[in-house]
Amino acid sequence: MTSMKLSNLFITGCDKNTRWMLPWFQENFYDHNPAAELVVYDFDTFRTDLAGWFKKPAAMVDAARQAENVCWLDTDME
(Lines give C-alpha, C1' and ligand atoms only; values in the text may rest on other atoms or scores of the structure.)
Protein backbone atom coordinates (compact mmCIF):
# COMPACT_ATOMS: atom_id res chain seq x y z
CA MET A 1 0.00 0.00 0.00
CA THR A 2 1.36 3.42 -0.91
CA SER A 3 0.69 6.41 1.26
CA MET A 4 -0.55 9.66 -0.22
CA LYS A 5 1.86 12.57 -0.17
CA LEU A 6 0.75 16.10 0.50
CA SER A 7 1.28 18.56 -2.31
CA ASN A 8 2.79 21.26 -0.11
CA LEU A 9 4.10 21.17 3.43
CA PHE A 10 5.48 24.01 5.50
CA ILE A 11 7.85 23.14 8.32
CA THR A 12 9.64 24.89 11.12
CA GLY A 13 11.58 23.85 14.16
CA CYS A 14 12.44 25.09 17.58
CA ASP A 15 14.26 24.07 20.72
CA LYS A 16 13.99 25.12 24.34
CA ASN A 17 15.69 28.44 23.53
CA THR A 18 13.36 29.47 20.71
CA ARG A 19 10.09 27.75 21.67
CA TRP A 20 8.75 31.03 23.08
CA MET A 21 8.30 32.29 19.48
CA LEU A 22 6.15 29.35 18.40
CA PRO A 23 2.69 30.54 19.57
CA TRP A 24 3.11 33.90 17.76
CA PHE A 25 4.43 32.16 14.65
CA GLN A 26 1.63 29.58 14.50
CA GLU A 27 -1.09 32.16 15.07
CA ASN A 28 0.19 34.35 12.24
CA PHE A 29 0.91 31.41 9.96
CA TYR A 30 -2.65 30.08 10.21
CA ASP A 31 -4.19 33.59 10.01
CA HIS A 32 -2.61 33.98 6.57
CA ASN A 33 -2.67 30.31 5.49
CA PRO A 34 -5.72 28.67 7.09
CA ALA A 35 -5.71 25.59 4.85
CA ALA A 36 -1.93 25.01 4.84
CA GLU A 37 -0.21 22.06 6.47
CA LEU A 38 2.45 22.92 9.05
CA VAL A 39 4.75 20.53 10.89
CA VAL A 40 6.83 21.74 13.83
CA TYR A 41 10.01 19.81 14.57
CA ASP A 42 11.11 19.64 18.20
CA PHE A 43 14.85 20.12 17.86
CA ASP A 44 15.42 19.05 21.46
CA THR A 45 14.48 15.50 20.45
CA PHE A 46 14.84 15.38 16.64
CA ARG A 47 18.15 14.04 15.29
CA THR A 48 20.10 14.32 18.53
CA ASP A 49 23.17 13.25 16.55
CA LEU A 50 23.16 16.64 14.80
CA ALA A 51 23.79 20.08 16.23
CA GLY A 52 22.26 23.48 15.58
CA TRP A 53 21.71 24.56 12.00
CA PHE A 54 22.29 21.05 10.62
CA LYS A 55 18.90 19.99 11.97
CA LYS A 56 17.12 22.27 9.45
CA PRO A 57 18.19 20.39 6.29
CA ALA A 58 17.65 17.08 8.10
CA ALA A 59 14.08 18.16 8.87
CA MET A 60 13.54 19.08 5.22
CA VAL A 61 14.76 15.67 4.08
CA ASP A 62 12.48 14.03 6.66
CA ALA A 63 9.50 16.13 5.54
CA ALA A 64 10.15 15.29 1.89
CA ARG A 65 8.81 11.81 2.66
CA GLN A 66 5.45 13.42 3.45
CA ALA A 67 5.09 16.01 0.68
CA GLU A 68 5.96 16.82 -2.90
CA ASN A 69 7.08 20.36 -1.94
CA VAL A 70 8.59 21.36 1.40
CA CYS A 71 9.20 24.91 2.57
CA TRP A 72 11.17 25.77 5.71
CA LEU A 73 10.02 28.87 7.64
CA ASP A 74 11.94 30.39 10.54
CA THR A 75 9.79 31.11 13.59
CA ASP A 76 11.21 34.63 13.85
CA MET A 77 10.12 35.72 10.38
CA GLU A 78 7.62 38.54 10.10
Side-chain angles (χ1 to χ4, degrees):
M1 175 186 265
T2 60
S3 61
M4 295 286 279
K5 277 191 167 187
L6 296 167
S7 292
N8 301 305
L9 180 62
F10 294 91
I11 65 171
T12 194
C14 59
D15 61 13
K16 65 183 179 290
N17 297 319
T18 59
R19 191 165 286 114
W20 64 272
M21 291 185 272
L22 194 55
W24 176 90
F25 172 81
Q26 287 177 304
E27 178 182 338
N28 284 283
F29 176 84
Y30 287 120
D31 279 351
H32 297 282
N33 307 284
E37 296 286 337
L38 174 68
V39 171
V40 178
Y41 282 82
D42 180 352
F43 283 168
D44 290 323
T45 59
F46 175 73
R47 292 294 308 264
T48 56
D49 59 317
L50 297 175
W53 183 90
F54 295 102
K55 292 188 180 199
K56 288 181 179 185
M60 292 191 71
V61 169
D62 183 68
R65 292 188 214 121
Q66 302 172 51
E68 298 290 326
N69 302 296
V70 175
C71 179
W72 173 272
L73 300 171
D74 284 327
T75 56
D76 63 350
M77 67 176 252
E78 245 186 270

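Taking each heavy atom of Asn8 and Glu37 in turn, the nearest pair found is O-CB, 4.1 Å. Taking every heavy atom of both residues into account, Leu9 and Ala67 meet most closely at CB-CB, 3.5 Å. Nearest approach of Gly13 to Thr75, heavy atoms of both residues: O-CG2, 4.1 Å. Closest approach of Glu68 to Lys5, counting heavy atoms only: OE2-CD, 3.5 Å.
By the 4.5 Å side-chain criterion applied to Ile, Leu, Val, Met, Phe, Trp and Tyr, Met21 is assigned to a cluster that also includes Trp20. Annotation for Val61: hydrophobic cluster partners, listed by chain and number, are none (ILVMFWY side-chain heavy atoms under 4.5 Å, direct or chained). Residues Phe10, Leu22, Trp24, Phe25, Tyr30, Leu38, Val40, Leu73, Met77 make up the rest of the hydrophobic cluster containing Phe29, defined by ILVMFWY side-chain heavy atoms closer than 4.5 Å, directly or through other members. Counting side-chain heavy-atom gaps under 4.5 Å among Ile, Leu, Val, Met, Phe, Trp and Tyr, the cluster of Phe54 also holds Leu50, Trp53.
Contact check for Arg19 versus Asp44: side-chain heavy atoms found under the 4.5 Å cut-off. At least one side-chain heavy atom of Val39 sits under 4.5 Å from a side-chain heavy atom of Gln66.
Under the side chain to side chain contact (heavy atoms under 4.5 Å, CB included) criterion, Phe46 pairs with Tyr41, Phe43, Ala58, Ala59, Asp62, sequence neighbours left out. A search for side chain to side chain donor-acceptor pair (under 3.5 Å) contacts involving Asp31 returns nothing, not counting sequence neighbours.
Side-chain atoms of Thr18 come within 3.5 Å of backbone atoms of Asp15 as a donor-acceptor pair (strictly under, hydrogens ignored).
If you take OG1 on Thr45 and CZ on Arg47, they are separated by 12.5 Å, rounding to the nearest 0.5 Å.
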